**Q** 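Quick one: the structure is below, questions incoming.
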Amino acid sequence: MTNKQRNLLTSVLFLAFGIFFFIQAQGVKHKIASDVGSGYVPAFIAGCLIVVSVAKLIITLTRHDPDDNKVQKSDDSPVGGIVTILIMLVYMLAFEPVGFIVSSVVFLFVLMNWFANNENRNLPLFAIVSVLLPVAVAALFVFVIKMPLPKGIIGFLRKEE
């Protein structure tokens, strides 16, 4: 596959992905009364994905570089991408029943370990980042944005009435 074909394929796939998620975000029900609504951030991210995909598609179609038409051999295995998608699917399935914090901690820790090589694997750092980031995001959503996240098996992030 040439670089141009690869860029065209990924641009079209991400464009379709962005359109699909933008449409899905329009159906997100408002859980709390606010000006923005629960579907705003997913719609915004999907919109950004659409804009970037269209830009990449236009650049790919209008660019005339002879190197883009050369077939390049790749030593890359699809295993990394497939495992990443599987980890994300498990995260999505666990999100609601297990809760945001626990599922995000496990997701981040597993993903960082999957991508780290033996030289860069730092389990204490991965553990600290995996715990602090979801707790900070949860605090931001619950206390600043006032939008509850799935509590799951830990229920201390209740919205006070």
Side-chain angles (χ1 to χ4, degrees), residues 1 3 5-29 31 36-57 59-60 72-159:
M1 182 179 280
N3 279 341
Q5 291 170 329
R6 188 176 301 126
N7 287 339
L8 284 171
L9 178 65
T10 54
S11 297
V12 170
L13 286 175
F14 277 100
L15 179 61
F17 189 67
I19 291 169
F20 172 77
F21 276 102
F22 186 82
I23 292 168
Q24 294 302 312
Q26 303 309 307
V28 174
K29 295 178 182 160
K31 289 191 174 195
V36 177
S38 302
Y40 174 75
V41 172
F44 177 76
I45 292 171
C48 290
L49 184 60
I50 291 167
V51 169
V52 170
S53 298
V54 168
K56 182 66 174 172
L57 186 61
I59 290 168
T60 301
Q72 293 187 346
K73 286 243 176 194
S74 176
D75 295 334
D76 293 340
S77 167
V79 173
I82 293 168
V83 170
T84 302
I85 290 170
L86 291 174
I87 292 170
M88 290 171 64
L89 285 173
V90 171
Y91 175 62
M92 279 182 2
L93 294 172
F95 192 79
E96 195 71 37
V98 178
F100 172 77
I101 290 179
V102 175
S103 62
S104 296
V105 166
V106 172
F107 169 73
L108 288 172
F109 189 76
V110 169
L111 208 58
M112 283 190 275
N113 275 298
W114 174 252
F115 281 111
N117 59 23
N118 287 334
E119 295 172 8
N120 297 328
R121 187 164 283 123
N122 185 344
L123 296 181
L125 177 65
F126 293 173
I128 290 168
V129 170
S130 297
V131 170
L132 290 181
L133 188 61
V135 168
V137 169
L140 176 72
F141 268 79
V142 172
F143 300 114
V144 177
I145 301 174
K146 307 263 190 247
M147 185 177 292
L149 293 169
K151 294 179 278 288
I153 58 177
I154 57 172
F156 66 83
L157 289 175
R158 274 185 255 275
K159 185 180 177 198

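These figures come from a predicted structure and were not determined experimentally. The figures here come from the full heavy-atom set of this structure, side chains too, leaving out hydrogens, waters and symmetry mates.
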**Q** Which heavy atom of P134 sits nearest a heavy atom of V131, and at what distance?
**A**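 In terms of heavy atoms, the two residues are closest at CD-O, 3.5 Å.
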**Q** What orientation do F100 and F95 show, parallel under 30°, tilted 30 to 60°, or perpendicular over 60°?
**A**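 Judged by the thresholds at 30° and 60°, the geometry between F100 and F95 is perpendicular.
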**Q** Tell me, do I45 and L49 make a side-chain contact under 4.5 Å, heavy atoms counted?
**A**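 Answer no - side chains too far apart.
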**Q** Output yes when a side-chain donor or acceptor of N113 lies under 3.5 Å from a complementary backbone atom of F109, and no otherwise.
**A**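 Yes, because the side chain of N113 sits within donor-acceptor range (under 3.5 Å) of the backbone of F109.
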**Q** Is the closest side-chain heavy-atom distance between L108 and V129 below 4.5 Å?
**A**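 They are not in side-chain contact.
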**Q** What I'd like to find out is whether the side chain of L133 reaches to under 4.5 Å of the side chain of S104, using heavy atoms alone.
**A**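 Contact flag for L133/S104 side chains = no.
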**Q** So, do T60 and K56 sit near enough that their side-chain heavy atoms are less than 4.5 Å apart?
**A**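 Result yes, sub-4.5 Å side-chain heavy-atom pair found.
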**Q** Quick check on N118: does its CG atom have over 12 non-hydrogen neighbours (other residues, nucleotides or ligands) under 6.0 Å away?
**A**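 Atom CG in N118 is not packed in, count stays at 12 or less.
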**Q** Under 3.5 Å, side chain of T10 to main-chain N/O of N7, donor-acceptor pair present?
**A**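 Such a contact is found between T10 side chain and N7 backbone.
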**Q** Nearest 0.5 angstrom please: F115 CZ to I87 CD1, how far?
**A**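 Answer rounded to 0.5 Å: 7.5 Å.
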**Q** Of the non-hydrogen atoms in E96 and P150, which two are nearest, and what is the gap between them?
**A**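 Taking every non-hydrogen atom into account, OE1-CG, 3.8 Å.
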**Q** Nearest 0.5 Å, what's the CZ-CG distance between F126 and N120?
**A**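 Reported value, rounded in 0.5 Å steps: 7.5 Å.
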**Q** G18 and A46: which non-hydrogen atoms are nearest, and at how many Å?
**A**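 Distance-wise, the nearest heavy atoms are O-CB, 3.5 Å.
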**Q** If we only count heavy atoms from C-beta on, is the M112 to S130 side-chain gap below 4.5 Å?
**A**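 Side chain of M112 against side chain of S130, heavy atoms only: contact under 4.5 Å found.
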**Q** So, do M92 and L89 sit near enough that their side-chain heavy atoms are less than 4.5 Å apart?
**A**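 Touching, per the 4.5 Å side-chain cut-off.
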**Q** Would you name the heavy atoms of L57 and S11 that are closest together and state the gap between them?
**A**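 Nearest heavy atoms, L57 then S11: N-OG, 3.6 Å.
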